[in-house]
Amino acid sequence: MSDLALKYKAPRGTSDLVYPESEKVEGILRVAAAELELRGYRRISTPIIENTDLFRRSIGEATDIVAKEMYTFEDQGGESLTLRPEGTAPVVRAYLERSLHARGLPQKLYYLGPMFRRERPQAGRYRQFHQIGAEAIGSPDPFIDAEIISISEALFARLGLRGYELVVNSVGCRECRPSYVRMLSSFLEGVSQQLCDECRRRSRENPLRTFDCKKESCRQALESAPAIGEQLCPACREHFTATCGHLDRLGIRFRVDERMVRGLDYYTNTTFEFQFEGLGAQNTVSGGGRYDYLAEQLGGPATPGVGFSLGIERLLMAVDAQGLDPFPGLRLDVFVAGAPGADRGRVLDIMTAVRNAGISADSDFMERGLKAQMKQADRLDARLVLIVGKDELERGEVTFRDLDQSRQWQVSLSMMMSELRDFLEGVKRDG
RNA sequence: GUGGACGUAGCUCAGUUGGUUAGAGCGCCGGGUUGUGGCCCCGGAGGUCGGGGGUUCGAGUCCCCUCGUUCACCCCA
C-alpha cells in the first residue's frame, strides 16, 4: 500500500479515533455522563442532520457559523438539510416537537456527539468535532444557571485538571441589550479613527465583537467603552448578581468579564466560558449561556433555557497537556497459546470457555509458533497466558503463565476456571 | 477566506557546496531456545524521497505549480 499514493484519506479537519485514544475518550465520556446523571440530566439523541432553517433562525444569519461554516446540502427531495454545527437548537427543537414540557419542568437533557463546521483546521479546531453538552429547559431560576456552569467544573475536578479560568458575563435581555448596543455603537463611531479595518467593519456589523480584537491599538481605543454591566436592566442585573452569588456558594471561582462575547445570537443574560492555559489559540474548552427567547424563535411558546457544551477534543488536549492519564487502554485478561503438537480445537474450546465466563480472552489467528504467540500476548498486555500443549493435554492440565511476574504453574483442566477467577481477582486487587 | 512553516520507510528523523546501489533508531516478520514474551544477538520485508513540470550531463537536494499537513488570523467547542 505504500508503493501507491493512498487514494482516500480522512477529509480535512476530520480524523480517525483509534485505540488507545478511543478508549481514553470513552472513559472521559463515561465520567462526563455520570456527572450529568448525578445531577438529574437525561440523555437525548437528536439527528445529525436538521432542516437548514433551524440553524439559520436560531444561531443567527449574521454569525460566521451560518454565513460560511455550515455543511448544507439539498437532498433528493429538494429539502435543504444541514449537518448540525451545534447542539442547542436541535435539543430545543426536540423539546418543542415532542412536547417535553409535559414531562415536567425543567427538562434537564444532555447530549453527546459530533458537530460540523467548515473552518480551516488548527490546534483545537476541527471540521468534525465532538461535544458533550446539557440543556436545562423551562426554568429562569439563576440556580439552574449556576448548576449548568458547575457541571464542567465538576468534570474538570474529576479528571484532575488545573490551569483554567471560568469567565462569566451577562449580555442582557431584549430590553437592555439593544440600548447598550446602540450606546456602544455611538462610542465606536467616536473612536473609529483609532480602530483597525477589521474593527471598523465589526463596529457596523456586530459592535460587541470589537471587544475580542487582539490589537493593542484597538484595545486602548476601547478602554473607555461603556460596559454592559452598568447598562443591564434591573431584572437582568438581579439575575446576574444572583447567578454569581450561587457560584460563590458552590465554591466555584470565576472572573466577570464584561467584554466576553459569544458567537451565537440566541444568548441572553448569563454567558460563560472555561478557558485553559497552554492549549494554543483555541483555549475555550467549555462554554454556554442562557437563551430565553430561543424557543419562541423556533415557533414555540416563550420558554427560558440555559445550557453548555464542551469540546471533547479540547478537553483531551488539556488532559494530555497536563500529563494526566485517567483512563489507560484496555487490557486483555487471558491469551490462550497453543504449543506445537496441541490440537488447535482444544485451544479454541478453552478460549471459548473463558470468554463464556465473562473473562476477556484472545488467541492466535496467524498459525504462529509458541514464541510468536507469547510475543503477541505481551503486546496485547495480557494478564495471563494459558499454554495449551501436547504435554499438558496428556496430563489433563494447562500451564498458567503470569506475564507480569514471569511465573508459571500447572493447573488441572477441572480446576482451570476457578483458578483463573482467583488469579484475576488477585491481580485486580493488587492493582 | 488570508498568512507562515513543513512534507524522505508504519513512526521519529539523518541525508555534506546538486553526483550517481537513499540511511539510522524504533516498530513489523523470522531465526538464535526440540514448547515460552519483555533484555541481547543475527537476518529479512518495507521508500517511484507527497504529486506534476522545469533547470542540469546528473535533483531527495535548485525553481515553479499543485496537493496535503500544521500553526496563526478570522471565529469558536
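Convention: sequence-line order gives letters A, B, ...; per-chain numbering from 1.
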Could you list the protein-to-nucleotides 3-6 of chain B atom pairs, N/O on both sides, closer than 3.5 Å?
unit_1	atom_1	unit_2	atom_2	d
B:G3	O6	A:Arg120	NH2	3.1

(request) Describe, in one word, how the ring planes of A:Phe156 and A:Phe274 are oriented to each other, choosing from parallel (under 30°), tilted (30 to 60°) and perpendicular (over 60°). (result)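 Rings of A:Phe156 and A:Phe274: perpendicular, as their planes differ by over 60°.
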(request) Return the orientation label for the A:Phe116 and A:Tyr71 ring planes: parallel under 30°, perpendicular over 60°, tilted otherwise. (result)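 The rings of A:Phe116 and A:Tyr71 stand perpendicular, inter-plane angle above 60°.
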Can [X] and [Y] be counted as an ion pair, charged N to O under 4.0 angstrom?
X	Y	value
A:Glu147	A:Arg39	no
A:Arg174	A:Glu296	yes
A:Arg395	A:Asp391	no

(message) Using the P atom as the point on both nucleotides, what is the distance between B:U16 and B:C74, in whole Å?
(response) 39 Å
Select base, sugar-phosphate, or nothing to describe what [X] touches, counting heavy atoms under 4.0 Å on all strands.
X	answer
A:Ala123	sugar-phosphate
A:Leu264	sugar-phosphate
A:Ser406	base
A:Gln408	base
A:Glu392	base

(request) Give each stem of RNA chain B as a range with a range, requiring at least 3 consecutive Watson-Crick or G-U wobble pairs whose two distances are under 3.5 Å. (result)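 The stems that RNA chain B takes part in, listed by first number, are B:1-7 with B:67-73, B:10-13 with B:23-26, B:28-32 with B:40-44, B:50-54 with B:62-66.
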(message) Heavy-atom count check: over 12 atoms from other residues, nucleotides or ligands less than 6.0 Å from A:Glu26 CD?
(response) yes
(request) Could I get the full list of side chain to side chain donor-acceptor pair (under 3.5 Å) partners for A:Thr14, not counting sequence neighbours? (result) none
(request) Apply side chain to side chain donor-acceptor pair (under 3.5 Å) to A:Asp404 and list each qualifying residue two or more places apart in sequence or on a separate chain. (result)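 A:Arg331.
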Identify all pairs in which a protein N or O lies below 3.5 Å from an N or O of nucleotides 26-28 of chain B, and state each distance.
unit_1	atom_1	unit_2	atom_2	d
B:C28	OP1	A:Arg379	NH1	2.4

(request) Enumerate the residue pairs fulfilling side-chain hydrogen bond (donor to acceptor under 3.5 Å, both in side chains) with a member in residues 151-164 of chain A, sequence neighbours excluded, ordered by first and then second residue. (result) A:Glu35-A:Arg158, A:Ser152-A:Ser286, A:Glu153-A:Tyr164
